[in-house]
Asks: 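Handing you a structure now.
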Amino acid sequence: MTNSLIELTPVETVACCPPLATEPLSTEQATQVAPLLKALADPVRLRLLSLVASHEGQEACVCDLTDSFDLSQPTISHHLKVMHEVGLLDRSKRGVWVYYKVRGEALSDLAKLIGGAAG
């Protein structure tokens, strides 16, 4: 029997971390959470996240988002893919379209990490 480490996604790591105001992050936790914060630090991605979250049914297809930017569809798809890979968005394919939905629990866990009760 071999011991294997389970690698957590950035969103899963955030869910496991105590609020920043209660206990410092370990080096490993900070390293694992950083990609999530980097994904959100891009203005286009932050705006895309907001557009998806506020879209009817809280989900949107790339075709619903392209008119809001002076960017190509492949560029917008790339930004959505980055947010999906860190766990901020879920996606589902319907025919030729991919629909994205914000993972509410991911945002909630991030809010707890950053805004947790300060002593």
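Since the model is a prediction, treat every value here as computed from it, not as a measurement.
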Asks: If Ile, Leu, Val, Met, Phe, Trp and Tyr residues are connected whenever their side-chain heavy atoms lie under 4.5 Å apart, and connections chain through other members, are Y99 and M83 in the same group?
Replies: no
Asks: Is there a donor-acceptor pair under 3.5 Å between the side chain of T31 and the backbone N or O of T27?
Replies: yes
Asks: First locate atom NE2 of H84, then atom OG of S77, and finally report the distance between them rounded to the nearest 0.5 Å.
Replies: 13.0 Å
Asks: In Å and rounded to the nearest 0.5 Å, what is the CG to NE2 distance from L46 to H79?
Replies: 12.0 Å
Asks: NZ of K81 to CD1 of I76: how many Å apart, nearest 0.5 Å?
Replies: 16.0 Å
Asks: Tell me, with the steps shown, if L89 and K101 meet side chain to side chain contact (heavy atoms under 4.5 Å, CB included).
Replies: CA-CA 5 Å; L89 296 174; K101 185 172 182 122; over 6 Å; no
Asks: Determine yes or no for a side-chain-to-main-chain donor-acceptor pair under 3.5 angstrom, with Q29 supplying the side chain and S26 the backbone.
Replies: yes
Asks: Does D64 use its side chain to pair, donor to acceptor, with the backbone of C61 at less than 3.5 Å?
Replies: yes
Asks: Using every non-hydrogen atom in the two residues, find where L25 and A30 come nearest and quote the distance to one decimal.
Replies: CD1-CA, 4.1 Å
Asks: Should V82 and V33 be counted in the same cluster of Ile, Leu, Val, Met, Phe, Trp and Tyr side chains packed under 4.5 Å apart?
Replies: no
Asks: Going through the distances and angles, do L65 and V52 end up as a side chain to side chain contact (heavy atoms under 4.5 Å, CB included)?
Replies: CA-CA 8 Å; L65 305 168; V52 171; 3.9 Å; yes
Asks: Under 4.5 Å between any side-chain heavy atoms of D42 and L48, yes or no?
Replies: no
Asks: Would you call V44 and T75 a side-chain contact if the rule is heavy atoms closer than 4.5 Å?
Replies: no
Asks: If the threshold is 4.0 Å, N to carboxylate O, is there a salt bridge linking R103 and D90?
Replies: yes
Asks: Taking only Lys NZ, Arg NE, NH1 and NH2, and the carboxylate oxygens of Asp or Glu, determine whether R91 and E59 approach each other closer than 4.0 Å.
Replies: no
Asks: Would you mind reporting whether R45 and L40 have side-chain heavy atoms less than 4.5 Å apart?
Replies: no
Asks: What distance separates L37 CG from L113 CG, expressed to the nearest 0.5 Å?
Replies: 7.5 Å
Asks: Provide the closest heavy-atom pair for G87 versus A106 in the form atom of the first, atom of the second, distance.
Replies: O-CB, 3.7 Å
Asks: Between V62 and Y100, is a side chain to side chain contact (heavy atoms under 4.5 Å, CB included) present by the stated rule, with each step listed?
Replies: CA-CA 8 Å; V62 175; Y100 291 88; 4.2 Å; yes
Asks: Apply side chain to side chain contact (heavy atoms under 4.5 Å, CB included) to the pair L49 and V102, showing each step before the final yes or no.
Replies: CA-CA 7 Å; L49 189 70; V102 173; 3.7 Å; yes
Asks: Looking only at heavy atoms, which two atoms of A60 and H55 are closest? And how far apart?
Replies: CB-CG, 3.8 Å
Asks: Under 6.0 Å from the ring centre and within 45 degrees of the ring axis: does the NZ or CZ of R47 meet both conditions for the six-membered ring of F69?
Replies: yes
